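Here the structure is laid out as structure tokens; the discussion comes afterwards.
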Amino acid sequence: MKQDYVAPPYRIKMVEPIKITTRGQRVKFLKEAGYNPFSLRSEDVYIDLLTDSGTGAMSHHQWAALMQGDEAYAGSRSFYKLEKTVKEITGYNYFIPAHQGRGAEQVVLPQLVTQEKRYFISNMHFDTTRAHVELAGARAIDCVVEACFDTATYHPFKGNFNLDKLTQLIEEKGAKHIAGIIMTITNNSAGGQPVSYKNMQAVRKIADKYNLKIIIDGARYAENAYFIKQREKGFTNMSIREIAKKTFDLGDIFLMSAKKDGLSNIGGLIVIKADETLYNQCRTYIVPMEGFPTYGGLTGRDMEALAVGLNEALDENYMQHRLDQVRFLGDKLQAAGVPIQHPVGGHAVFVDCKKIAPHIPFNEFPAQAVTNAVYIEAGIRPVEIGSFLLGRDPDTNENLESPLELMRLTIPRRTYTYKHLDVVAKAVIAVYKNRNNLTGLTFEYEPPVLRHFTARLKPKK
Ligand code: F0G
């Protein structure tokens, strides 16, 4: 087990002041926000760990690139620069930009659904991916290894597909009814957990046997490649760029929220290996949804910054520090006995709130209760990944019970210091010690889709 944590391979050139608040203020802010941290004003947050999506710091190379943005509506020079980068990294033939990951999803996923093809199988669907599958009239089935749900036991690749179950599901639903296999790397919903190369290779074999398409949902593909390098036999001497390329060789379509491993504040990618018909369909469909196919909702300067960021995320010194920051926070929490998804994943520490608040039932959202307490404690904003996020069954409208009730402490890229993470650890440990006083929550307002973003809650009396 590695003990030390590397120092950042960058220095600070510009700072953004953040506000210190009092406990009394935070109690009031949270009440006004309907006990849902998504509704807090960010200026009332001291350390914002809501997401690693679009919240990272750009490099001076990226800021310089912004100045070169070509804002032409059609055929922008910046598009061609981004296209070249994307094709070099993936080895795929066709590229269309989108404004972010869900923009890519809304364009591509409906093209794969027909009357007959109405199921997607994934190791785990991210929530917007699930939403777009359902909006397209299909159903999303998760098929991850059981180890993923056992937060206490070490497994190097908790994002892996359960291969037996995958075959079984395809047989059961009938291959002709499967619209595609979605490989989410890393597996965000279970803790930023990686998927091994060997597992992905086996999924490819199964896909070939049944003539199915593989869609790589690769928001954090570079982090996944680094875990493969660290944990999987035979990859130690390969660069993460080479490992990523081998990963892309296993897929047919690559959808990316470039707000993560694109090291940019906005952006999405639709990349298609060889299916020209699908590419042409997406090019047609993207116009009314996102914009003309050479900008897809992005400005020229966004595309410039992204072209630089995609390469920076494949720098191994950057990546080592990034993952060490996450490991640092995880180690601190574990040393104090706080139950977390072990080992920690790539972009966040996931705290197991089912174990912290077993007295709160799933439909009173134990992880949301812990999340809110951490905000009150020190102005830190984590996010719930549990039954509150999971929502209701689209067929029965019953509240779904998530197998895990997690609080995600998501680390933005190149943004906070180890000392900030010390503050986070201290706050979470304080909440953990007071865990018996946590109470559940009920709805004051519940929107019909993606409820966790805008719902209002109140504490259960
Ligand atoms: N796929 C994965 C695996 C994601 O983690 C996300 C976003 C998306 C797709 C959608 O991309 O946000 O650019 O539209 N995850 C963010 C998060 C929101 O906080 O984990 P997007």
Side-chain angles (χ1 to χ4, degrees), residues 37-38 42 48-56 97-109 120 122-135 140 142 144 148 158-159 161 180-195 215-224 227 247 251 253-271 286 289-290 296-298 302 305-306 309-310 313 326 341 345-350 367 371 381-386 388-390 406-413 415 449-450 452-454:
F38 272 107
S42 88
D48 202 348
L49 305 187
L50 187 69
T51 178
D52 63 326
S53 183
T55 52
H99 86 281
Q100 61 181 84
R102 66 201 70 180
E105 288 164 1
Q106 73 166 342
V107 169
V108 176
L109 296 178
F120 284 92
S122 175
N123 46 344
M124 250 190 186
H125 293 82
F126 179 66
D127 54 349
T128 59
T129 320
R130 176 178 292 276
H132 279 298
V133 164
E134 287 171 5
L135 285 168
D142 289 344
V144 73
C148 159
K158 284 186 173 177
F161 277 82
I181 298 176
I182 301 178
M183 236 154 52
T184 311
I185 59 171
T186 57
N187 177 2
N188 182 359
S189 316
Q193 295 293 318
V195 183
I215 302 113
I216 297 177
D217 177 5
R220 302 177 183 83
Y221 78 93
E223 291 170 6
N224 199 78
F227 281 118
T247 303
I253 301 165
F254 169 40
L255 303 182
M256 181 182 190
S257 166
K259 300 170 73 172
K260 286 83 167 174
D261 282 352
L263 282 170
S264 295
N265 301 119
I266 198 75
L269 309 178
I270 298 169
V271 202
I286 198 158
M289 306 298 282
E290 298 278 291
L298 295 175
D302 295 331
L306 180 50
L310 284 166
V326 179
Q341 175 68 292
H347 65 300
V349 176
F350 283 62
T371 296
R381 173 159 65 170
V383 67
E384 190 258 16
I385 310 251
F388 179 46
L389 178 144
L390 190 59
L406 301 167
M407 172 178 72
R408 185 178 77 169
L409 299 157
T410 336
I411 316 297
R413 294 169 181 78
T415 303
V449 276
L450 296 176
H452 57 291
F453 288 126
T454 52

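The figures that follow rest on heavy atoms only: side chains count, while hydrogens, waters and symmetry mates do not. Note that the structure is predicted; figures quoted are calculated from it, not measured. We count ligands from 1, going down the list as the structure has it; atoms in each ligand are counted the same way.
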Listed by chain and number, what are the salt bridge (Lys or Arg N to Asp or Glu O under 4.0 Å) partners of Asp52, not counting sequence neighbours?
Arg220, Arg322, Arg413
side-chain contact (heavy atoms from CB on, under 4.5 Å) with Ile185: which of Thr247, Asp261, Asp217?
Thr247
Residues in contact with ligand 1, criterion: heavy atom under 4.0 Å:
Thr51, Ser53, Gln100, Gly101, Arg102, Glu105, Phe126, Thr128, Thr184, Asn188, Asp217, Arg220, Ser257, Lys259, Lys260, Arg408
Tell me, do Tyr221 and Ile216 make a side-chain contact under 4.5 Å, heavy atoms counted?
no
With sequence neighbours excluded, tell me which residues meet ring-ring contact (aromatic ring centres under 6.0 Å, His included) with Phe161.
none
Rounded distance (nearest 0.5 Å) linking atom OG of Ser122 with atom CD1 of Ile215
9.0 Å
Go through the structure and list residues passing salt bridge (Lys or Arg N to Asp or Glu O under 4.0 Å) with Glu105, not counting sequence neighbours.
none
